[in-house]
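Some notes on the structure that comes next.
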There are 2 protein chains.
Amino acid sequence: MHISSIKTLLRESGLKVTPIRLALLNYLSKAKKPLSVEDLMQVKSLLEVDKVTLYRNLDTFVKKGIIQRLDLHRREAYFEMQHKHGHHHHIICMECGLIEDMHSCSMDIAVKNVEKKSKKFSKIIDHSMEFYGLCKKCDK
Amino acid sequence: MHISSIKTLLRESGLKVTPIRLALLNYLSKAKKPLSVEDLMQVKSLLEVDKVTLYRNLDTFVKKGIIQRLDLHRREAYFEMQHKHGHHHHIICMECGLIEDMHSCSMDIAVKNVEKKSKKFSKIIDHSMEFYGLCKKCDK
DNA sequence: ATAGATGCAAACTATTTGCATCCTC
DNA sequence: GAGGATGCAAATAGTTTGCATCTAT
């Protein structure tokens, strides 16, 4: 993602454009896997940024729908850019922690079924689905 | 679940039978929704039990496959008995926190697909799927 | 008798909050 | 200039660890 489009994204979300936010979103948008706050703190351009500022910006981005917070059954939260083409899910290696994205899974039908089957719920807004297993490396 | 079968379960798992464990599993096996440590601390028969002991026993039970730890996008962990008839999933109300179980969802096919589609993984061992929405009460 | 279970105190980790200062618009 | 962004210090929440004591087998 180009810096200019990140600036536009921030402005459209009603957020101020700051060096930290640019660096953060620049890195996140290029990342090929979900990142933890710990991961982000080690990025060169973010090395001197206070951890609290990262947390606050990530929170803000999540609320604005720019990024997504993931629950990967680890202690810490993981973040990745919000993918516009609907949901995608993850496979996490129980041995080494490797994370692979899983696109194009036909969950829409499942979601509709859940809404129908539920007795107490009337609206499904979001869903998460994660797979846990062994990557080819660790499965030996 | 009867006390006697809980005792058997513990013995078969190679665990000692203690009053705390009996009370814990007795309550968990009767619960109709996943419970947090906070929830468990308020159970009459567990009121005087140290929180640490609950954590340790829950850990042990998870490792032995007696109960399951759930990640419901909340701060704390939730626990429920391991259901033998395969996985089931949850719907969580984003407003009031109500949790409903969702049985009999045909995820097996989806899991097989994931295994096939994945480039880096060879084995899927477990999966989790949660739905977030509004319960009928909160959806007004 | 011995290994494992429990309680108490203290540590740890991720995350949040308060407040003063700084920067973007 | 004003309101939001940042840094620093400190609090919080959930969970874990160390160690001494107790209990089930």
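FYI, side chains are in, hydrogens and waters are out, and symmetry mates aren't considered; it's all heavy atoms of this structure. What you are looking at is a predicted structure, and each value in this text was computed from that prediction instead of being measured. Labels below follow one simple rule: chain letters A, B, ... track the order of the sequence lines, proteins then strands, and each chain is numbered from 1.
- Between Ile20(B) and Arg75(B), the residue whose closest nucleotide on DNA chain C is further toward the 5' end is Ile20(B).
- Rounded to whole Å, atom C1' of dT6(C) lies 13 Å from atom CZ of Phe61(B).
- Per the geometry, CG belonging to Asp71(B) stands 14 Å off P belonging to dG14(D), to the nearest Å.
- Nearest-nucleotide positions on DNA chain C place Val49(B) closer to the 5' end than the other of Lys16(A) and Val49(B).
- At the heavy-atom level, Arg21(A) lies under 4.0 Å from the strands shown only through sugar-phosphate atoms.
- Between Leu46(B) atom CG and dT6(C) atom C1' there is a gap of 13 Å when expressed in whole angstrom units.
- Between the P atom of dT15(D) and the CZ atom of Arg74(B) lies a distance of 13 Å, rounded to the nearest Å.
- For the residue pair Ser36(A) and Asp39(A), a side-chain donor N or O sits within less than 3.5 Å of a side-chain acceptor on the partner.
- Between dT6(D) and Thr18(A), a contact under 4.0 Å exists linking OP1 or OP2 to a side-chain N or O.
- Nucleotide dT16(C) holds its C1' atom 12 Å from the CG atom of Asp50(A), rounded to whole Å.
- Going from atom CG of Leu24(A) over to atom C1' of dA5(D) covers 13 Å, rounded to whole Å.
- For the pair Leu40(A) and Tyr27(A), the minimum side-chain heavy-atom distance is below 4.5 Å.
- Counting heavy atoms from C-beta outward, Arg69(A) and Tyr78(A) have side chains that stay 4.5 Å or more apart.
- The side chain of Arg56(B) lies closest to dC19(D) when the candidates are dC19(D), dC8(D), dA5(C).
- Nearest nucleotide to the side chain of Leu15(A), out of dC25(C), dA9(C), dA5(D): dA5(D).
- Taking 4.5 Å as the limit, some side-chain heavy atom of Leu58(B) sits within range of a side-chain heavy atom of Leu28(B).
- Atom-to-atom, CG of Leu40(B) to C1' of dG14(D) comes out at 14 Å; the value is rounded to the nearest Å.
- The nearest heavy atom of DNA chain D to Val17(B) and to Glu38(B) marks one nucleotide each, and the one closer to the 5' end goes with Glu38(B).
- Remark: Asn57(A) is in phosphate contact with dT6(D), judged by side-chain N or O atoms under 4.0 Å from OP1 or OP2.
- One interatomic measurement links the two molecules: CG of Asp59(A) to P of dT17(C), which rounds to 9 Å at whole-angstrom precision.
- Side-chain atoms of Ile124(A) and Leu134(B), non-hydrogen and from C-beta on, never get closer than 4.5 Å to each other.
- Residue Tyr55(B) places none of its side-chain N or O atoms closer than 4.0 Å to OP1 or OP2 of dT16(D).
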